[in-house]
Amino acid sequence: MIKSLFLAALFMTSGTVFSQNLKQVSYKDGTQKLNGLVTSNAGKKLPGVLILPAWKGIDNEAKMAAAELEKAGYIAFIADIYGEGNLPTDNASAAKIAGYFKQNYEVYQKRIALALEELKKSGAITEKIAVIGYCFGGTGALEAMRGKMPVAGVVSIHGGLSKDPARLNTPITTKVLVEHPAEDESVKPEDYTQLVEEMRAGKADWQIITYANSKHTFTNPESPDYNPVMAMRAWNHTLLFLKEILK
């Protein structure tokens, strides 16, 4: 318990420090201004990773991931999905705006595609780009897959797995890693089964790793669900997958 609290405190302090090394990049979707963040190695020719944040927008977990990815030799860009002036202030408002993008998945896909373009402009090698996402962003990683975006792979970290049954399963051209907490009450058994069926129907190169004794936001030290052992395993699995597909 003491170790977990220490790691959480270290994470929050590091998130603030590392965010100072992230540069804001403003871009637009029509008239809506979007404010993403890019790592300090932007401008170099390196593999790139797009980070899709959780349902409250760009947070410390996304910033820390960006910093760690930079250390590992990647340019990381954190997408702004909601846009300036639309940041939720509580769970209710986060659920409402995230729900809008989940329902209107083509709008979500467009915001992801715009962020991918900004990552490329930041120097990421076009054929060596991946997408990772947390929670709502994990849903977005799967939407990048479903939208056939030109990326080498996607990682969904405790993301929502469901899609409208009316949407047809189609060929899947990108590699897929799903990091799923075993005790995630937000994911129904039928959602999991449906995703497996989607992967098989799409003839995907896919893998689902399930983490024991882990609730929904198990990777986030600021969450009561935080499981430091499983969070570290999940991050190592992410790095291993990225190394395989991007280096």
Side-chain angles (χ1 to χ4, degrees), residues 15 19 22 24-25 27 29 32 34-39 47-70 74-84 86-88 94-95 97-120 122 124 129-163 174-180 186-187 195 216-220 223 234-235 237-239 241-242 245-246:
S19 67
L22 296 171
Q24 181 172 298
V25 177
Y27 55 112
D29 181 2
Q32 176 62 62
L34 306 165
N35 297 309
L37 295 173
V38 71
T39 47
V49 180
L50 178 66
I51 301 171
L52 304 179
W55 70 339
K56 286 188 177 178
I58 296 174
D59 58 12
N60 283 335
E61 185 169 28
K63 292 175 183 177
M64 189 66 177
E68 292 301 315
L69 288 168
E70 181 176 4
Y74 303 99
I75 297 172
F77 186 92
I78 309 176
D80 178 8
I81 299 300
Y82 300 148
E84 188 171 279
N86 299 316
L87 195 66
I97 191 167
Y100 167 82
F101 280 94
K102 288 179 182 179
Q103 184 175 0
N104 297 277
Y105 65 89
E106 291 178 333
V107 179
Y108 196 3
Q109 289 176 347
K110 182 181 179 184
R111 291 281 169 92
I112 296 168
L114 289 170
L116 278 172
E117 288 305 310
E118 294 303 319
L119 175 58
K120 292 174 186 177
S122 298
I129 291 177
V131 177
I132 73 170
Y134 296 88
C135 185
F136 167 65
T139 302
L142 294 177
E143 286 301 336
M145 171 201 78
R146 292 171 181 139
K148 303 188 188 307
M149 296 184 193
V151 296
V154 301
V155 184
S156 175
I157 305 166
H158 54 78
L161 308 182
S162 66
K163 71 176 175 67
T174 188
K175 297 182 180 181
V176 183
L177 172 62
V178 175
E179 298 179 353
H180 178 64
S186 69
V187 174
L195 180 68
H216 179 52
T217 50
F218 76 105
T219 62
N220 188 347
S223 167
W235 184 247
H237 291 149
T238 298
L239 291 178
F241 180 73
L242 294 176
I245 65 174
L246 300 181

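Considering only residues two or more places apart in sequence or on other chains, Thr238 meets the side chain to side chain contact (heavy atoms under 4.5 Å, CB included) condition with Ile132, Val155, Ile157, Glu179, Trp235, Leu242. With sequence neighbours excluded, no residue forms a side chain to side chain contact (heavy atoms under 4.5 Å, CB included) with Gln103. Listed by chain and number, the residues in a side chain to side chain contact (heavy atoms under 4.5 Å, CB included) with Tyr27 are Leu34, Phe77, Ala79, Asp80, Leu114, Ala115, Glu118 (sequence neighbours excluded). Here Lys56 pairs with Asn91 under the side-chain hydrogen bond (donor to acceptor under 3.5 Å, both in side chains) rule; sequence neighbours left out. Residues satisfying the side chain to side chain contact (heavy atoms under 4.5 Å, CB included) criterion with Tyr105, sequence neighbours excluded, are Gln109, Glu143, Arg167. Annotation: ring pair (Phe, Tyr, Trp, His ring centres under 6.0 Å) contacts of Tyr82 (sequence neighbours excluded): Phe101, Phe136.
Taking every heavy atom of both residues into account, Pro88 and Ile97 meet most closely at CG-CG2, 4.3 Å. Minimum heavy-atom separation, Ala62 to Pro53: CB-CB, 4.3 Å. Heavy-atom minimum distance, Val187 versus Gly159: CG2-O, 3.9 Å. Of all heavy-atom pairs between Ile51 and Ala76, the closest is CD1-CB, 4.1 Å. Between Ile58 and Gly36, the closest heavy-atom pair is CD1-CA, 4.4 Å. The minimum heavy-atom distance between Arg111 and Ile81, with the atom names listed, is NH1-O, 2.5 Å.
A side-chain donor-acceptor contact under 3.5 Å links Thr139 to the backbone of Gly160. In this structure a side-chain-to-backbone donor-acceptor pair under 3.5 Å is missing from Thr39 to Glu70.
Here the side chains of Leu116 and Val151 are in contact, with some heavy-atom distance below 4.5 Å. Side-chain contact between Val131 and Val49 is absent, with no heavy-atom pair separated by less than 4.5 Å.
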**Request:** Test His158 against Thr217 for side-chain hydrogen bond (donor to acceptor under 3.5 Å, both in side chains), laying out the working first.
**Result:** CA-CA 7 Å; His158 54 78; Thr217 50; over 6 Å; no

